[in-house]
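These values consider heavy atoms only, across backbone and side chains, with no hydrogens, waters or symmetry-generated copies. Per chain, numbering begins at 1; letters A, B, ... match sequence-line order.
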2 protein chains.
Amino acid sequence: MSSLQSTRFNSKLTSQCQSCSLSALCLPISLADEDVNRLDQIIERKKPLKKGEVLFHQGEEFSSVYAVRTGTLKTFNITNSGEEQITGFYCPSELVGLSGIDSNTYPVSAKALETTSVCEIPFSHLESLSSQIPSLKHQIFKVMSRKICDDQQMMVLLGKKNADEKVASLLMNLSSRFKRRGYSATSFRLAMSRGEIGNYLGLAVETVSRVMTRFQKSGLIHVDGKEIAIVNLPEMQKLVGITEECAKIEVV
Amino acid sequence: MSSLQSTRFNSKLTSQCQSCSLSALCLPISLADEDVNRLDQIIERKKPLKKGEVLFHQGEEFSSVYAVRTGTLKTFNITNSGEEQITGFYCPSELVGLSGIDSNTYPVSAKALETTSVCEIPFSHLESLSSQIPSLKHQIFKVMSRKICDDQQMMVLLGKKNADEKVASLLMNLSSRFKRRGYSATSFRLAMSRGEIGNYLGLAVETVSRVMTRFQKSGLIHVDGKEIAIVNLPEMQKLVGITEECAKIEVV
DNA sequence: CGTATTTTTGATTGGAATCAAATTCGGTGG
DNA sequence: CCACCGAATTTGATTCCAATCAAAAATACG
């Protein structure tokens, strides 16, 4: 158990969730002001993580879920052969750590890909608060359900798609996540390296590089290091295929 | 909304969950008798599905989650090219349909691989009941968290493993699920076809067949149609690798 | 400014897909 | 109970996509 006092980075009596620009994403529910305040009081805003710092380690006791406020996280397993297997990237407003509830242990590690600040949400507090606020409980169910959906789409991607479709899917997925937060859907900066993309997609680094070069040559995207611009959006969407369909369902 | 009366297949006033042999798996919590009864009253035991019958369709409005009592289900997407993409197999005591909570729509279809009976659990009832029974709410969180964990392991499998490891992983996974329900871990019958296994694992049917033949020749397993016997358990576990590790974490 | 790391590019290899066909299995009706 | 038909499974030959090996180029960083 971490100390509320010692880790609190920015503590005020007024609700910070209410003034946070992400609240509409992080809490897409209409909580009464009073309820938001109650939620706000259990949340700790931690000191930002520097690139490469670890938020929690695989195997550690589960205590909190975390909402990313700024920056990007990756979650990963260490395989028995010692290599890293990335299982997800987390952008602002997204929750990380939910997979620890079942075993009361984080089954993955979470590491910052760049300077990243998070809100720590002690799960036991969240859970008891959710008993008192049904819409909050429903929201947690929804977030977890959404994660299950997304992971299953990822399973389809990994099992059925070729290298082009995988890379296109990741780029379009990131694009829609940027858009959701009000940023450009067609021009953004990758927080992760080519190696991390390949690791996540089940591709070799070289393949990721080749595919991106090829996409650029065919006028689908423009690549400048980590800066990506989607040039031919319709064609990219076509490449993504099935994932697209399910995105529709989810958006409803 | 389905009618409670019309679809109820086997209705008694006494608690059926209490006498169900799966309750320790389906409800691995110590609910007070009174609470079990309350849960029991919202559950409908539906008429068994015959092989090939569909429990719910992709795109249909979400209303219930289902616990498999006997038999096996598969969940799948239909891709835009019209082919089926299997996202999961469900054995007795396992819950299907949780991915529908987020969008209020089932993002997959569920179909019986053999004669299968399920308990229908209307989600709105379950949710309101969970407000009154904190341990039930916690249990739902756990089940969903576990699903997220499992799916992420599946992602690792699909992204990083070769054909041998994939097939071995599926067999060992099924083995542990049979064992959990009190059946033999080393001898069981596959409910799914080679084609469905291949579809699920991201392999061609021919590859699944070849791998199994090869496993049999090397004395790892014995295959007789759909009957499988694990002959060399340690070697099979070795093939599975990382998934093994995470199984340990989850079991704790 | 020089070194380490990341990314790109090229050549070759290999594992699984695909194509093709034989065989077995499962269900049905005579 | 057996013969028959379609589906599922197995087996074989060939192809192809992405991995691997290798090395140059670009970028990050102290």
### Query
Under 3.5 Å, is there a donor-acceptor pair between the side chain of B:Ser218 and the main chain of B:Leu220?
no

### Query
B:Phe215 has an atom CZ; how far is it from atom P of D:dT10, in whole Å?
14 Å

### Summary
The residue, B:Ala163 or B:Lys51, whose nearest nucleotide of DNA chain C is more 5′ is B:Ala163

### Query
Rounded to the Å, how far apart are A:Leu190 CG and C:dT6 C1'?
14 Å

### Task
With axes from five pairs an end, tell me the bend angle of the helix from C:dC1-D:dG30 to C:dG30-D:dC1, nearest 10°.
50°

### Query
Between A:Phe62 and A:Tyr106, what is the ring plane arrangement, given parallel below 30°, perpendicular above 60°, and tilted in between?
perpendicular

### Side-chain N,O (B:Ser209) to OP1/OP2 (D:dA8) below 4.0 Å
no

### Message
Output the rounded distance in Å from CG (B:Asn199) to P (C:dA17).
### Response
12 Å

### Query
Between A:Lys160 and B:Glu83, is there a side-chain N and carboxylate O pair less than 4.0 Å apart?
no

### Query
So, the side chain of A:Thr116 versus the backbone of A:Thr72: is there a donor-acceptor pair under 3.5 Å, distance only?
yes

### Query
If you find the nucleotide of DNA chain C closest to B:Gly202 and the one closest to A:Ser193, which residue's nucleotide is nearer the 5' end?
A:Ser193

## Note on the structure
Of the candidates C:dT8, D:dT9, C:dA16, the side chain of A:Glu206 sits closest to C:dT8

### Task
Evaluate salt bridge (charged side-chain N to carboxylate O under 4.0 Å, His left out) for A:Arg189 paired with A:Glu227, printing each intermediate quantity in order.
CA-CA 4 Å; A:Arg189 185 169 203 287; A:Glu227 294 291 337; 3.6 Å; yes

### Query
Between C:dG26 and B:Lys226, is there an OP1 or OP2 to side-chain N/O distance shorter than 4.0 Å?
no

### Message
When you compare the side chain of B:Met154 with that of B:Thr87, does any pair of heavy atoms fall below 4.5 Å?
### Response
no

### Task
Would you indicate what B:Gly225 reaches in the nucleic acid, counting non-hydrogen atoms under 4.0 angstrom: base, sugar-phosphate, or nothing?
nothing

### Task
May I have the distance from A:Arg214 (atom CZ) to D:dA18 (atom P), rounded to whole angstrom?
8 Å

### Task
Answer yes or no: side-chain N or O of B:Arg210 and base N or O of C:dG15 forming a donor-acceptor pair under 3.5 Å.
no

#### Entry: A:Phe188/A:Tyr183 aromatic ring centres below 6.0 Å
no

### Summary
Taken to the nearest whole Å, NZ/B:Lys217 to C1'/D:dT10 is 10 Å

### Message
Measure CD/B:Glu83 against P/C:dA17 and give the value in whole Å, please.
### Response
13 Å

### Rounded distance in Å - CG (A:Asn162) to P (C:dA16)
17 Å

#### Entry: Nucleotide D:dC17, atom C1' - distance to CG of B:Leu203 in whole Å
15 Å

### Message
Counting only side-chain nitrogens and oxygens, does B:Thr213 get under 4.0 Å of the OP1 or OP2 atom of D:dT11?
### Response
yes

